[in-house]
Amino acid sequence: MCTDAEHAPGRRALIVTGAAAALTLGTVHFASAAPREGARSTEAVRGTLDPGAADFVYLPVEIPRGVKEIHVAYAYERPAQPPGTTGNALDIGIFDQRGTALGGEGFRGWSGGARSEFFLRSDDATPGYLPGALEPGVWYIALAPYTVAPGGLAYEVRITLTYGAGAPPRTPVYPPERARGRGRDWYRGDCHLHSWYSDGRRTPAEIAALARAAGLDFVNSAEHNTHAAHAHWADAAGDDLLVLLGEEVTTRNGHVLAVGTDPGTFVDWRYRARDNRFGRFARRIRQAGGLVVPAHPHATCIGCNWKFGFGEADAVEVWNGPYTPDDEVSLADWDGSLAVAARGGGRWTPAIGGSDAHRDPDPVGAPQTVVLADDLSRRAVLDGIRAGRCYIAESKDVTVALTAADGRGRQAGIGGRLRVADDAPVTVRVEVAGVPGCTVRVVTDQGVLHTETVPASGTGTVRWRTTPRNAAYVRAEVRHAPSVPGLPGAPAALTNPVFLGG
């Protein structure tokens, strides 16, 4: 890496922070605080990052006393590249005087590549950033070269300080953890949504309106690498809409949803699979009351493919937004794990879906996860997902019920286990509605063992008989007609399994 700074950056140091290697530039110094209210001072740093640069480049900035606003703007060259060659992409965020330690308290915001500038004050901040006291000391602008073109990535960062007395800080208000609900029932939700607090374009109020129109009972805030949205959802929630708080932890080796964490929970993302740090932050999510859910694990975008394994997962997102071939791979991969769980009779990983909606025309609640919960509360919804009492539907119009019963009146539903002898007759029943022209597929550890077309009304019941010896588990897929010969059609619904046997 080479650096040519308008404000001389001084020495550079390559450090290892217990995770990904990071490069720290020389400190930017400002003059002593100006006595005049509203006075401003600007410093600029220019440099070039070479291919193979560290994942994180920290630019230390010494903040004097008496600063009421920090404003940062940046730009970088994006020359056209030949096909098959990555171009430049540079993300940005900031840490305060408490430092950049992995999992530490210094995090003050992140916008990735969604914004070219941001500000922080005691009472307000750019979406994605955290307002609060601007304490004097060394702050760190975090640059993250997502991809670097062969010719390098030339950048400029401009830091402007405004002096004066800061406004009183605001006390954050968070959404309630319980909505009115209907007692024990099936509740519909979307656990993967982005607002303008990361790289989305919708406000929480706009998302909430779309969620209600989509028939959702709950949503989960999942901004990329920031929890700044948590304090902005209270007005969007209501008796009819439960808002869970979380994050999409966006690492260089895959993305993971933190679903339903305590308000104000920050989960660090600055590590790769080789750094052996993911387990620590998976525990952080669970300690904060949330679920660990790898997102779109077989997505093909750079850095999106999940590399950390599924040993820490509480659930996995097998259907992300419009159903695509990578979702089909995720579904098959997840299905392959069920046979092992069935054999051992132990822990298994439920499947969920989420829209990953960012902006118009992305539909909210397509797909949606339908959860059997004791009530419409944070704890009950998360318990239902954790237990696998859920299925994925393409819209509010689609309903599915899956049960397995023996001849003595014992039965189990989605996420359950019917404990009967290996040779005991079992009747599998799949009830569907809202799926005209679709086909129900009964899937077991051997594959698809039964298919049946739904009547034109879109409502129907499928019955199939088996034994635990023939099927270690059963689950249902409701598929549209194929659009490509020889391949299954896109799903209208996917269920978690019912396990059979002892």
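Keep in mind that the numbers below use all heavy atoms, side chains included, and drop hydrogens, waters and symmetry copies.
- Interatomic distance, Ile392 CD1 to Ile352 CD1, rounded to the nearest 0.5 Å: 7.5 Å.
- The structure places CD of Gln368 at 15.0 Å from OH of Tyr187, a figure rounded to the nearest 0.5 Å.
- Listed here is the closest heavy atom pair of Ala315 and Pro294: O-CD, 3.1 Å.
- Partners of Phe278 under the ring-ring contact (aromatic ring centres under 6.0 Å, His included) rule, at least two apart in sequence or in another chain, are Trp306, Phe308.
- Every residue two or more places apart in sequence or in another chain was checked for a ring-ring contact (aromatic ring centres under 6.0 Å, His included) with Trp139, and none qualifies.
- Without hydrogens or angle criteria, Asp217 side chain to Arg188 main chain gives a donor-acceptor distance under 3.5 Å.
- Between the Asp314 side chain and the Val292 main chain, a donor and an acceptor come within less than 3.5 Å of each other.
- In this structure the side chain of Ile94 reaches within 4.5 angstrom of the side chain of Phe118, judged on heavy atoms.
- Atoms OG and CZ, on Ser337 and Arg347 in that order, are 10.0 Å from each other to the nearest 0.5 Å.
- Contact check for Leu241 versus Arg212: side-chain heavy atoms found under the 4.5 Å cut-off.
- By the 4.5 Å heavy-atom criterion applied to side chains, Asp333 and Phe310 are counted as neighbours.
- Residues satisfying the side-chain contact (heavy atoms from CB on, under 4.5 Å) criterion with Glu206, sequence neighbours excluded, are Arg202, Thr203.
- Of the possible donor and acceptor atoms, one in the side chain of Glu223 sits under 3.5 Å from a partner among the backbone N and O of Ser195.
- Here the side chain of Arg286 pairs a donor or acceptor atom with the backbone of Glu312 at under 3.5 angstrom.
- Heavy-atom minimum distance, Cys390 versus Asn496: O-ND2, 2.9 Å.
- With hydrogens and angles left out, the side-chain atoms of Asp199 and His358 include a donor and acceptor closer than 3.5 Å.
- Side-chain contact between Val148 and Pro51 is present, with heavy atoms from C-beta onward closer than 4.5 Å.
- A side-chain donor-acceptor contact under 3.5 Å links Thr126 to the backbone of Phe119.
- Applying the disulfide bond (SG atoms under 2.5 Å apart) test to pairs two or more places apart or on separate chains, those with a residue in residues 241-306 are Cys301-Cys304.
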With a 3.5 Å cut-off and sequence neighbours excluded, list the donor-acceptor pairs that the side chains of residues 102-111 form with protein atoms.
{"from": "Arg108", "atom 1": "NE", "to": "Leu130", "atom 2": "O", "distance (Å)": "3.2"}
{"from": "Arg108", "atom 1": "NH1", "to": "Asp96", "atom 2": "OD2", "distance (Å)": "3.3"}
{"from": "Arg108", "atom 1": "NH1", "to": "Ala133", "atom 2": "O", "distance (Å)": "3.1"}
{"from": "Arg108", "atom 1": "NH2", "to": "Leu130", "atom 2": "O", "distance (Å)": "3.2"}
{"from": "Arg108", "atom 1": "NH2", "to": "Gly132", "atom 2": "O", "distance (Å)": "3.3"}
{"from": "Ser111", "atom 1": "OG", "to": "Tyr129", "atom 2": "OH", "distance (Å)": "2.7"}

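- Considering only residues two or more places apart in sequence or on other chains, Pro127 meets the side-chain contact (heavy atoms from CB on, under 4.5 Å) condition with Arg115, Trp196, Tyr197.
- Under the 3.5 Å distance criterion, the side-chain polar atoms of Glu177 are left unmatched by any main-chain donor or acceptor of Arg379.
- For residues 40-150, no residue pair satisfies the disulfide bond (SG atoms under 2.5 Å apart) rule, not counting sequence neighbours.
- Residues Asp190 and Ser355 bring a donor and an acceptor atom of their side chains to less than 3.5 Å of each other.
- Nearest heavy atom pair, residue Gly112 against residue Tyr74, reads O-OH, 3.5 Å.
- Remark: Arg272 does not engage Asp275 in a salt bridge, criterion side-chain N to carboxylate O under 4.0 Å.
- Judged by distance alone, the side chain of Thr250 and the main-chain N or O of His224 form no donor-acceptor pair under 3.5 Å.
- Rounding to the nearest 0.5 Å places CD1 of Ile70 at 4.0 Å from CD1 of Ile63.
- No donor-acceptor pair closer than 3.5 Å links the side chain of Asn220 to the backbone N or O of Leu193.
- In this structure the side chain of Leu245 reaches within 4.5 angstrom of the side chain of Pro175, judged on heavy atoms.
- Considering only heavy atoms from C-beta on, Tyr473 stays 4.5 Å or farther from Trp348 through its side chain.
- Residues that satisfy the ring-ring contact (aromatic ring centres under 6.0 Å, His included) test with His71, not counting sequence neighbours, are absent from this structure.
- Residues passing the salt bridge (Lys or Arg N to Asp or Glu O under 4.0 Å) test with Asp124 are Arg121, sequence neighbours excluded.
- Within the 3.5 Å criterion, the main-chain N or O of Asp123 finds a donor-acceptor partner in the side chain of Arg170.
- With hydrogens and angles disregarded, a donor-acceptor distance shorter than 3.5 Å links the side chain of Trp334 to the backbone of Thr349.
- For the atom pair CG (Asp356) and NE2 (His192), the distance works out to 3.5 Å, reported to the nearest 0.5 Å.
- Using a 4.5 Å heavy-atom threshold, the side chains of Glu477 and Leu331 count as touching.
- Contacts of Ser41 classified as side-chain contact (heavy atoms from CB on, under 4.5 Å), with partners at least two apart in sequence or in another chain: Phe30, Tyr163.
- Evaluation of the ring-ring contact (aromatic ring centres under 6.0 Å, His included) rule for His230 yields His227 as partners, not counting sequence neighbours.
- By the 4.0 Å N-to-carboxylate-O rule, Asp55 lies too far from Arg270 to be salt-bridged with it.
- Donor-acceptor pairing under 3.5 Å is lacking for the side chains of Thr86 and Gln81.
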From CA spacing to verdict: side chain to side chain donor-acceptor pair (under 3.5 Å), Ser330, Asp327: CA-CA 5 Å; Ser330 295; Asp327 294 310; 5.1 Å; no
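- Rounding to the nearest 0.5 Å places CD of Glu394 at 10.0 Å from CG of Leu494.
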Let's go through Asp91 and Asn225 carefully: what are the C-alpha distance in whole Å and the side-chain angles of both, what is the deciding distance for side chain to side chain contact (heavy atoms under 4.5 Å, CB included) to 0.1 Å, and is it a yes or a no? CA-CA 11 Å; Asp91 293 346; Asn225 295 346; over 6 Å; no
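- Residues Gly164 and Glu37 come closest through the heavy atom pair CA-OE1, 3.2 Å.
- A 4.5 Å side-chain heavy-atom check between Pro60 and Thr24 finds at least one atom pair inside the cut-off.
- Legend: residues meeting side-chain contact (heavy atoms from CB on, under 4.5 Å) with Thr265, ordered by chain and number and at least two apart, are Thr261, Asp262, Val267, Arg284, Ala288.
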Please report the C-alpha distance between Trp233 and Ile207 in whole Å, then the side-chain angles of each, then the deciding distance to 0.1 Å, and finally whether the side chain to side chain contact (heavy atoms under 4.5 Å, CB included) criterion is met. CA-CA 10 Å; Trp233 273 98; Ile207 292 172; 3.7 Å; yes
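- Across all non-hydrogen atoms, the minimal contact from Glu62 to Pro64 is O-CD, 3.5 Å.
- A cation-pi geometry, defined here as NZ or CZ lying under 6.0 Å from the six-membered ring centre and within 45° of its normal, does not hold between Arg98 and Phe95.
- Minimum heavy-atom separation, Leu382 to Gly260: CD1-O, 3.6 Å.
- Thr251 and Asn253 share no donor-acceptor pair across their side chains, judged by distance under 3.5 Å alone.
- Taking the ring axis of Phe56 as reference, the NZ or CZ atom of Arg252 stays within 45° of it and closer than 6.0 Å to the ring centre.
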